[in-house]
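The block underneath contains the structure these notes are about, expressed in structure tokens.
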2 protein chains.
Amino acid sequence: MGAIVTLPLAENSRPMRVITVNVNGIRSAASKGLFTWLAGQNADVVCLQETKAQEHQLDKSLHYPAGYHVYYHDAEKKGYSGVALFCRRQPDRLIRGMGWPDFDGEGRYLQADFGDLSVASLYLPSGSSSEERQAVKFDMMARLMPQFKRLRQMQRDYIICGDWNIAHRNIDLKNWRGNQKNSGFLPEERAWLDELLGAAGWVDAFRVVNQEAEQYTWWSNRGQAWAKNVGWRIDYQMITPGLAGKVRGAAIYKDQRFSDHAPLTIDYDLPL
Amino acid sequence: MGAIVTLPLAENSRPMRVITVNVNGIRSAASKGLFTWLAGQNADVVCLQETKAQEHQLDKSLHYPAGYHVYYHDAEKKGYSGVALFCRRQPDRLIRGMGWPDFDGEGRYLQADFGDLSVASLYLPSGSSSEERQAVKFDMMARLMPQFKRLRQMQRDYIICGDWNIAHRNIDLKNWRGNQKNSGFLPEERAWLDELLGAAGWVDAFRVVNQEAEQYTWWSNRGQAWAKNVGWRIDYQMITPGLAGKVRGAAIYKDQRFSDHAPLTIDYDLPL
DNA sequence: CGTAGTATG
DNA sequence: CATACTACG
């Protein structure tokens with residue numbers, strides 16, 4: 001038998017894999033196999049939203065996957081919101097929140113820095129439950145825009161992952177016509193993403209490699225939304241332009257259902 | 001073929017069947033087949049406790065079994081307590097509560113009169129959740145005793161069915177030794193039943209025909225209580241002495257599980 | 001542990 | 001409709 005020769009890839013050609021998923025309760029998602037699935041994904045960074053737990057309620061054995069540095073940033077209110085990061089490599093720095101007490105108390109932003117790359121888990125408020133919450137969402141959007149513009153001036157690369165709770169274009173949800181007055185597809189919300197992805201210079205990493213319709217990441221639990229694929233694309237990895245050319249592939253995982261959102265995986269041609 | 005002759009039973013020899021069951025949520029019990037089972041029982045009166053619903057939340061088709069006059073007496077607080085009566089024959093009179101606003105607002109007593117017989121559904125407070133609730137239970141017991149003594153002076157027969165939340169004797173629960181300091185088997189509670197069944201002259205209908213041990217009607221949901229038959233007999237049909245000789249049979253139904261309590265059926269040699 | 005209610009999405 | 005928390009038992 002001849003010897004099998006494997007050519008090792010150059011260090012900087014192994015892709016960096018980033019997964020983002022709104023888990024709608026990390027304990028629920030865990031019970032549906034999220035961590036088993038993650039163990040096979042070989043992700044470098046995993047960004048979670050809506051953990052709906054406080055760290056003291058979690059199991060060391062279950063919710064702290066082996067081989068990762070695990071960071072939770074919880075809401076003060078029990079069972080509400082919360083984001084997390086699982087990082088293969090130990091970050092040089094961790095940033096919890098935006099420095100805004102109202103936003104930060106809801107556990108909505110967690111950032112890890114690795115050299116000149118930052119990866120963040122963001123959970124934008126939903127506006128669907130009331131007028132008041134829609135006002136909070138608009139307020140957060142207004143405060144976040146200058147922040148995102150500022151980050152673009154830094155000499156750093158950013159990957160801001162998360163549940164942005166806004167579908168961008170008609171192609172990004174099944175019933176765009178019927179949802180123009182609904183939170184998540186309001187003209188002001190779409191214009192905000194237009195600005196982020198236009199004047200502010202950010203890039204929707206998924207769309208770099210995939211321009212197809214019906215690429216949804218969220219389906220309502222009501223009715224037969226999942227079965228009929230009546231979905232929305234509201235989970236994104238937003239990246240600074242220097243990374244755009246390094247998006248190698250993107251995938252939405254629908255074979256299992258861990259929550260009402262599907263995981264979004266993007267591979268980048270980056271060393272990490 | 002020869003003619004089949006069936007001898008009709010005399011009117012007053014058909015037994016009257018009374019069933020009592022704490023349903024721990026009538027909607028939950030319904031989903032587990034309570035009403036399907038009841039339809040085959042041919043009961044004359046069914047006494048329910050812990051309906052945990054207000055009448056407007058119930059389905060006419062499901063929670064009002066055909067062939068019965070149905071009466072619910074709900075707690076003011078949603079999802080809490082509540083008793084009900086299903087009566088094959090229309091009662092001459094219906095009595096809601098004891099005339100005590102605190103007790104009656106919790107939906108704990110409902111009585112139907114048929115000629116000189118009264119059948120009631122009673123739900124005595126539980127004392128297990130706090131010292132305060134144990135005090136309420138003791139207070140109710142103190143007020144009920146003179147009431148039950150008064151009823152004994154009436155020229156009527158009474159069947160007071162329900163969840164009395166007290167096991168009477170050592171034989172009436174699995175771990176009597178370990179429960180002597182626990183609500184439901186406190187010395188004061190047992191003494192109260194001693195008085196009811198002694199000086200006050202009431203009769204525990206089940207014990208008229210069954211003196212065996214391990215005749216439980218309730219099992220904790222915690223641990224393996226049901227599987228290990230670690231139960232308590234806390235549901236009774238308490239009757240006036242004139243009915244004692246008419247208890248024909250008694251049964252606790254354990255083949256299906258509608259709630260944490262089992263239905264208690266007693267047949268009486270009474271016309272109704 | 002299990003049935004409810006409520007908030008939130 | 002689904003995941004949480006809370007009350008109550």
Side-chain angles (χ1 to χ4, degrees), chain A residues 22-32 34 49-54 57-58 74-82 106-108 123-134 136-137 163 165-166 182-184 218-227 230 232 234-235 257-261, chain B residues 22-32 34 49-54 57-58 74-82 106-108 123-134 136-137 163 165 182-184 218-227 230 232 234 257-261:
Chain A
N22 176 316
V23 291
N24 191 22
I26 194 168
R27 288 166 289 181
S28 166
S31 76
K32 294 170 183 165
L34 173 69
Q49 302 87 39
E50 273 205 280
T51 50
K52 288 188 169 188
Q54 288 170 342
Q57 299 172 303
L58 300 180
D74 304 332
E76 286 158 13
K77 185 198 274 197
K78 288 186 82 170
Y80 181 68
S81 189
E106 291 189 352
R108 295 188 174 276
Y123 177 39
L124 225 73
S126 165
S128 62
S129 62
S130 70
E131 276 295 322
E132 292 70 47
R133 289 307 292 175
Q134 183 61 43
V136 168
K137 183 178 183 179
D163 176 358
N165 261 317
I166 304 171
N182 290 116
S183 178
W218 175 79
W219 302 261
S220 168
N221 276 319
R222 318 196 188 183
Q224 300 306 114
W226 168 266
V230 178
W232 300 47
I234 60 179
D235 300 273
R257 216 170 173 215
F258 309 121
S259 89
D260 50 347
H261 295 249
Chain B
N22 177 317
V23 292
N24 192 21
I26 194 168
R27 287 166 289 181
S28 167
S31 77
K32 295 170 182 165
L34 174 68
Q49 301 87 37
E50 272 204 280
T51 51
K52 289 189 169 188
Q54 288 170 342
Q57 299 172 303
L58 300 180
D74 305 331
E76 285 158 14
K77 186 197 272 198
K78 287 186 81 172
Y80 181 70
S81 187
E106 291 189 351
R108 293 187 176 277
Y123 177 40
L124 224 74
S126 165
S128 63
S129 61
S130 70
E131 275 294 323
E132 291 72 46
R133 289 306 294 176
Q134 183 61 44
V136 168
K137 182 178 183 179
D163 176 359
N165 262 316
N182 288 10
S183 178
W218 175 79
W219 301 261
S220 168
N221 276 319
R222 316 192 190 185
Q224 301 307 113
W226 168 264
V230 179
W232 301 47
I234 60 179
R257 218 172 171 212
F258 309 122
S259 90
D260 49 346
H261 295 249

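Note on naming: letters A, B, ... go to the chains in the order of the sequence lines (proteins, then strands), and numbering restarts at 1 for each one.
- Between A/Lys32 and D/dA2, a side-chain N or O to OP1/OP2 separation shorter than 4.0 Å is absent.
- B/Asp260 is listed as a side-chain neighbour of B/Trp218, based on a closest heavy-atom distance under 4.5 Å.
- Along DNA chain C, read 5' to 3', the first and last nucleotides having any atom under 4.0 Å from a heavy atom of chain B are C/dC1 to C/dT6.
- For the residue pair B/Gln134/B/Ser183, the side-chain donor-acceptor check at 3.5 Å is satisfied.
- Heavy atoms from other residues, nucleotides or ligands lying under 6.0 Å from CD of B/Glu76 number 12 at most.
- Regarding contacts with the backbone of D/dG9, a side-chain N or O of B/Tyr80 is found under 4.0 angstrom from either OP1 or OP2.
- When each of A/Thr51, A/Asn165, A/Asp163 is paired with A/Asn22, the side-chain hydrogen bond (donor to acceptor under 3.5 Å, both in side chains) condition holds for A/Asp163 and for no other.
- In terms of position along DNA chain D, the nucleotide closest to A/Gln224 lies nearer the 5' end than the nucleotide closest to the other residue of the pair A/Gly25 and A/Gln224.
- Residue contacts shown for A/Glu106 are absent, as no nucleic acid heavy atom lies under 4.0 Å away.
- Residue-level contact check: B/Lys52 touches the bases, meaning some heavy atom is under 4.0 Å from a base atom.
- For the pair B/Val23 and B/His261, the minimum side-chain heavy-atom distance is 4.5 Å or more.
- Following rounding to the nearest Å, A/Asn22 (CG) and D/dA2 (C1') show an atom-to-atom distance of 12 Å.
- Checking the phosphate oxygens (OP1, OP2) of D/dT3, a side-chain nitrogen or oxygen of A/Ser28 falls inside 4.0 Å.
- Residue A/Gln54 is out of contact with every strand shown, counting any heavy-atom pair closer than 4.0 Å.
- Residue A/Arg27 has a polar side-chain atom (N or O) positioned under 4.0 Å from OP1 or OP2 of D/dC5.
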